[in-house]
Amino acid sequence: MSKLHVTTTINGDSREFLCEPEDTLLDALRNTLGLTGAKEGCATGDCGACSVTVNGRLVCSCLMLAAEAEGQEIDTIEGMADHDKLHPLQKHFLEGAALQCGICTPGFLVAAKALLDKNPDPTETEIRYHLAGNLCRCTGYDKIIRAVQNAAAEMRGA
Amino acid sequence: MALDDTKRDFKVIGQRVVRPDGIDKVTGKAQYGADLILPGMLWGAVVRSPHAHAKILKIDASEALKLDGVEAVVTRADFVEQKGDNFADNLDNIMAGKKALYDGHAVAAVAATSQRLANKAAKLVKVEYEILPHVTEVDEAMKADAPVLHEGRKYTGAPAGSGPNVTHYQDYGHGDLDAGFAKADMVIERSFKSEGVHQGYIEPHACVANYNTDGRGETWVCTQGPFMIRDFTAAFNGFNISQVRVTPSEIGGGFGGKAHIFIEPVAAALSKKTGRPVKMAMTRSEVLRATGPTISGHIDVKIGMKKDGTITAGYLGMRAQGGAYPSGTVDMATQAAFAAYDLENVKSEGWNVVTNRPKEAAYRAPGAPLGVWGVESVLDELCQELNLDPMEVRIKNAAKKGTKSSYGPTFDDMGLLTALEAAKAHPHWNAPLDGPNKGRGLSCGFWFNFGGATSVSLQINSDGTASVTEGNPDIGGSRASISMMAAETLGLPFEKVRTIVADTNSIGFNQETNGSRVTFAVGLATIKAAEAAIKVMCGRAAKIWGIDEEAVDWVDGAAVPSGPNAGDFPPMTLAEIAKVAVQTGGPIAGHHEVTADGAGVSFGVHIADVEVDPETGKTTVLRYTAFQDAGKAIHPDYVEGQMQGGAVQGIGWALNEEYIYGADGRLQNDGFLDYRIPVASDLPMIDAVILEIPNPGHPYGVRGVGETGIVPPLAAIGNAVSRATGVRMTKLPMSPPTVLKAIS
Amino acid sequence: MRFEQPKTVNDAVSLLADADGLTRVLAGGTDVLVQLRLGMVEPDLVVDIKAIPGMRDITEENGGFTIGAAVSGAELGEHAKLVAAYPGVVEGMELVGSTQVQGRATLTGNLCNASPAADSVPAMIAADAIATIAGPDGPREVPVADIAIGPGKTSLKKGEIITSFHLPARPANASDAYLRFIPRTEMDIAVASAAVNLTLKEGKVVAAKIVLGAVAPTAVTVPAAADAIIGTALDDASLDAMAKACEAACNPITDKRGTIEFRTKTAGTLAKRAAKIAFARAGGKS
């Protein structure tokens, strides 16, 4: 079976890769491109650990074929920090102990960034519903919600 | 050398430092079980039984092996048969022998050049089954004529006359129950039923095995127990333990469920057979069908109380199933059930039975939430019936230092009363609960805490820093807390210590990361290892100063003469001693190996406010507060995190999580869509109040905090729902259909 | 498996019509990818329709709306005029899955997956939405109510694809609402659901359509429930009669998500609650 050739932009860099038609974007990121920050927790879109953005839109990379990435702009956790400068969300997740095992953390950060990009001042309820597709089993979500609130406040200059 | 072994005044401990593995985890760099790719690596897949109970007549892999890129198939015949129940049962669980004992039981495994090809090949492995009658329900399994899981097997722990699946019975208690009940003004008896739940870690089990035909190799794996993985991998494959090096990856949650062996020896067998590295990662469906769940079953509780709230007697009996192999977890349910109370007359007893379900695995305070749920529910009902304040009744009967516990030992210093008094004084307990359909529930919770076999080594580096090597995977921030304890002991700032979790060839044996043992036991060993290094450093200072080694003390990170008679020398810092270590006698290090005892019991108290929709039976948690004795909170953020995480797992258990089996014995909800763990929008903030009653068994007073948090929520929520609806809840989960049925 | 991304509707139809074996149309993919991953289907051909011009557009015509087949739930929710006119249709779609799923999932996929519990379908039917279908025999228009014919089954013929939906123009004082029951607050499949679409005149209901989900093999329109509230201002007695009519129309199953008893009772409860919301949205005062 011949592979498909895909040209795409990942974290601002143009990238090309080959994939099989059945490969998901998550497969391509993790196994072909070496970007293992997105995790596979369920492969059914129920846990959000594989969250990335496609043209700025939050998606589960397990629910998208790799071939669909042709010509799209993909952003992953690996591109969230600006070189050695952490994004305020990353900083507040660290300072607020918003992670324990850390497996869900990349997905939460990508999803939270997608929220704050659209809504710089979300309510607690808005944060909770926006992040309902990201499962965390360690924290009970408390410190995650607070970290997002604190990052939002910092980004607003509050 | 005077070392303060019960230190209470801290410089580093109690700070909220940023965890050392943090940046890797917020940037996506941290490497978990499934993140490793090796050159030439193959991918594995497991063939699993679709039947709950079946004889395996024949396995034909010829079609699978014909596929281009399929490199090997293994079955039970590829493993070394084991002696002794623990090893034999675990081998049978990871690769079925004559019979498949549950839906999802591994029967064979394949390795191929891609995951998709391996999956395809697994489907082509033809397994001929003879389907047998199955049993998944506890009371059905206990019957004399139930389908027998292990024909001919005699269980020494089963009472005479038990059915052929009953594996175990144990009782605990003291006093005279009948006399106790006779003294009561009211006696309430209730029967409760729980369903199985899963740990629900977000990272599925995953490993990469890389072995050679000479039996030498490596395993990279997300696990709570690298030494456990090593020992089983070696035994099942006929390797020598020294040749099996297991490196724990970062671990994406475990909660007890990764303290067990599953795919790892299988990956090693496939690797040995192919001579190539083999990666295996479970799917979520495999995780739910073949790993993890808790025990479940029926709980009968009878408690007698006087009008003044004094408990006169308590009884609890639990009939539990622990899946397809014998389990003793019911003992922890029955021991924990009444632990919070000082009782004259108490008895608890438990039976375990095997069923056609996956082998039970530890889950955060295994068993305890169930026993405590039953007791705390009946206590709450007695308070309602006798018109007593549930907080005052708990305070009145609370166990304390000197209490002979319901399961035997006499308690030392402990924080239950402190937690209850804190809860009583808290704004949550005193806030009015406005409006209809709302209820407030209260529950105590208990966990034993464990110590166990532990090894730590610590090196003093030439630049005045320290490196700690330990062997317990860091599941919730323990590298931070261990570095903090090392820094505190050595007198260094936190930034000058780094702790790593080493592979099994780089540190002595360690029991699994479980039993809330790591901060306690590894912390204790770290302090002792640091003290050993300090002793060496004091010796070096003595040598340089030309005075007696006994005349040197260690104060604030420096050697000092112990008094005016010892000599007049300025303090010699750790960095100064370290810099000349090679010239003064050699590298400086300390190590400590111990089977740690004195873990110190753990108690917590939870308050839950709920609202129940009377038209749908749906429960919303409005407010939640958890109180827990941490002994000494090394890193308060992560202590709170344990309390909050445990509380929310308990809330999930209380409200919506359950294993649902069909009449065919197959698991119906093998995904996160229908195995419903709490999502962010289901919950309020979880307030965590840390109390510190030092554990006499630890130099800095530490008690494990990891498990107790999951114990009270079942009853705290259950009591709240019962008070909101006016109907006593006796079935878990309290899902909307269950509640609606109960209140209609 | 072959993956194709045609640039025209005709190419998509030809690919599907000419294909041997199993085919799948890929819009948002949030159901198709799950089925692929779990090995439930192994299609020979997957046709991604997102590159076809117009498939991602929402256009307003004479007060009505035409929604392209590949418009995602998130895009639907960001269209202020559509949200104002058909809040029930939009909230139904927005209940499908997480924020992540909303970034991709479509009305078309939700309909063609033909789950009895599909969240966007009851409100679409209640709104009298029409699907435009392209196929080897040319285009045709079909009421949304006639697309799903049973669990996992649609009335679409080989080579046919839905290209858009049309929601008709609204009279004054008309609105809709959709509610579903799930055990959690998010991420579950509906156990029971109800859509209510109504028009008011002088404070009373003059037209209504009530559609239930997850209580029968397909979404169920309940004319008797509508009759119970037409001519009323949703007094308690008429709402009770409506709920009774809803319960009578239920033909659910007991499964891991709910019992017959629970689904039936909840469908009535939800219909009442949705009716009150739609009534208020249409300007009604109770």
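Computed from heavy atoms alone, side chains included, the values below leave out hydrogens, waters and symmetry copies.
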### Message
Rounded at 0.5 Å granularity, tell me how far NE2 in A:H130 sits from OG in B:S681.
### Response
12.0 Å
### Query
Atom CG in A:D27, atom CZ in B:R116: separation rounded to 0.5 Å?
6.5 Å
### Query
Any idea which of A:I144, A:D142, A:I145, A:D46 has the most non-hydrogen atom pairs under 4.5 angstrom with chain B?
A:D142
### Message
Is it the case that atom CD in B:Q115 sees more than 12 heavy atoms from other parts of the structure closer than 6.0 Å?
### Response
yes
### Task
Evaluate the side-chain contact (heavy atoms from CB on, under 4.5 Å) criterion for residues B:T27 and A:M80: first the C-alpha distance (whole Å), next the side-chain angles of each, then the deciding distance (0.1 Å), finally the verdict.
CA-CA 7 Å; B:T27 55; A:M80 186 178 274; over 6 Å; no
### Task
Would you mind checking which part of B:A30 comes under 4.5 Å of any heavy atom in chain A, side chain (CB onward), backbone (N, CA, C, O), both or neither?
backbone
#### Entry: Heavy-atom donor-acceptor pair, A:Y141 side chain to B:M685 backbone, under 3.5 Å
no
### Message
Does any part of the side chain of A:L135, heavy atoms only, come nearer than 4.5 Å to the side chain of B:F672, both counted from C-beta?
### Response
yes
### Under 4.5 Å from a heavy atom of chain B, the part of A:A132 involved
both
### Task
Heavy-atom distances under 4.5 Å only: say whether A:E40 touches chain B with side chain, backbone, both or neither.
backbone
### Donor-acceptor contact present, side-chain A:Q100 to main-chain B:G641, <3.5 Å
yes
### Query
Non-hydrogen atoms of chain B under 4.5 Å away: do they reach the side chain of A:L35, the backbone, both or neither?
neither
### Query
What residue, out of B:D687, B:I677, B:I475, has the most heavy-atom pairs lying under 4.5 Å from chain A?
B:I677
### Query
Does any heavy atom of chain A fall under 4.5 Å from the side chain of B:E250, the backbone, both, or neither of them?
neither
### B:I651 versus chain A, the contacting section by heavy-atom distance below 4.5 Å
neither
### Contacting region of B:V648 [heavy-atom separation from chain A under 4.5 Å]
side chain
### Message
Assess the residue pair B:W43 and A:N31 against the criterion (side-chain contact (heavy atoms from CB on, under 4.5 Å)); give the C-alpha distance rounded to whole Å, side-chain angles, the decisive distance to 0.1 Å, and a yes or no.
### Response
CA-CA 12 Å; B:W43 304 72; A:N31 300 335; 3.7 Å; yes
## Note on the structure
When the 4.5 angstrom heavy-atom criterion is applied to B:T283 and chain A, the contacting part is neither
#### Entry: Contact origin within A:N134 toward chain B - heavy atom pairs under 4.5 Å
neither
### Task
Heavy atoms only: give me the nearest A:P106-B:G28 pair and the separation to one decimal.
CG-CA, 4.4 Å
### Query
Which distance, rounded to the nearest 0.5 Å, do you find between the NZ of A:K143 and the CD1 of B:I686?
11.5 Å
### Task
Using modelled atom types only, decide if a donor and an acceptor are shared between the side chain of B:R284 and the backbone of A:G41 within a distance under 3.5 Å.
yes
### Task
Give, as side chain, backbone, both or neither, the part of B:L673 having an atom under 4.5 angstrom from any heavy atom of chain A.
both
### Task
Under the side-chain contact (heavy atoms from CB on, under 4.5 Å) rule, what do B:R19 and A:L99 come out as? Steps first, then yes or no, please.
CA-CA 10 Å; B:R19 60 194 287 167; A:L99 58 143; 4.1 Å; yes
#### Entry: Largest heavy-atom contact set with chain B, pairs under 4.5 Å, which of A:D23, A:T125, A:L86
A:D23
#### Entry: Contacting moiety of A:L109, where chain B heavy atoms sit under 4.5 Å
side chain
### Query
Heavy-atom count around A:K113 NZ within 6.0 Å, excluding the residue itself: above 12?
no
### Task
Would you confirm whether A:R137, through its side chain, and B:F255, through its main-chain N or O, come within 3.5 Å as a donor-acceptor pair?
no
#### Entry: Minimum-distance pair of heavy atoms, taken over all atoms of B:D637 and A:A97
CB-CB, 3.5 Å
### Task
Just give me the residue among A:A43, A:G102, A:G37 that pairs up with chain B most often, heavy atom to heavy atom, under 4.5 Å.
A:G102
## Note on the structure
Okay, B:I251 and chain A: the region with an atom under 4.5 Å from a heavy atom over there is backbone
### Message
Please identify, among A:H87, A:K91, A:E78, A:E124, the residue contributing the most non-hydrogen atom pairs under 4.5 Å to chain B.
### Response
A:E124
#### Entry: From CZ (A:R128) to CG (B:D682), nearest 0.5 Å
9.5 Å
### Summary
Here the gap from B:C222 atom SG to A:I103 atom CD1, rounded to the nearest 0.5 Å, amounts to 7.5 Å
### Toward chain A, the part of B:P684 with a non-hydrogen atom under 4.5 Å
backbone
### Message
Does any backbone or side-chain atom of B:Q642 lie under 4.5 Å from a heavy atom of chain A? Answer side chain, backbone, both or neither.
### Response
both
### Message
Rounded to the nearest 0.5 Å, what separates atom SG in A:C42 from atom CD1 in B:I202?
### Response
8.5 Å
### Task
Side chain from CB out, backbone as N, CA, C, O: work out which of these in A:T139 comes under 4.5 Å of a heavy atom of chain B, or both, or neither.
backbone
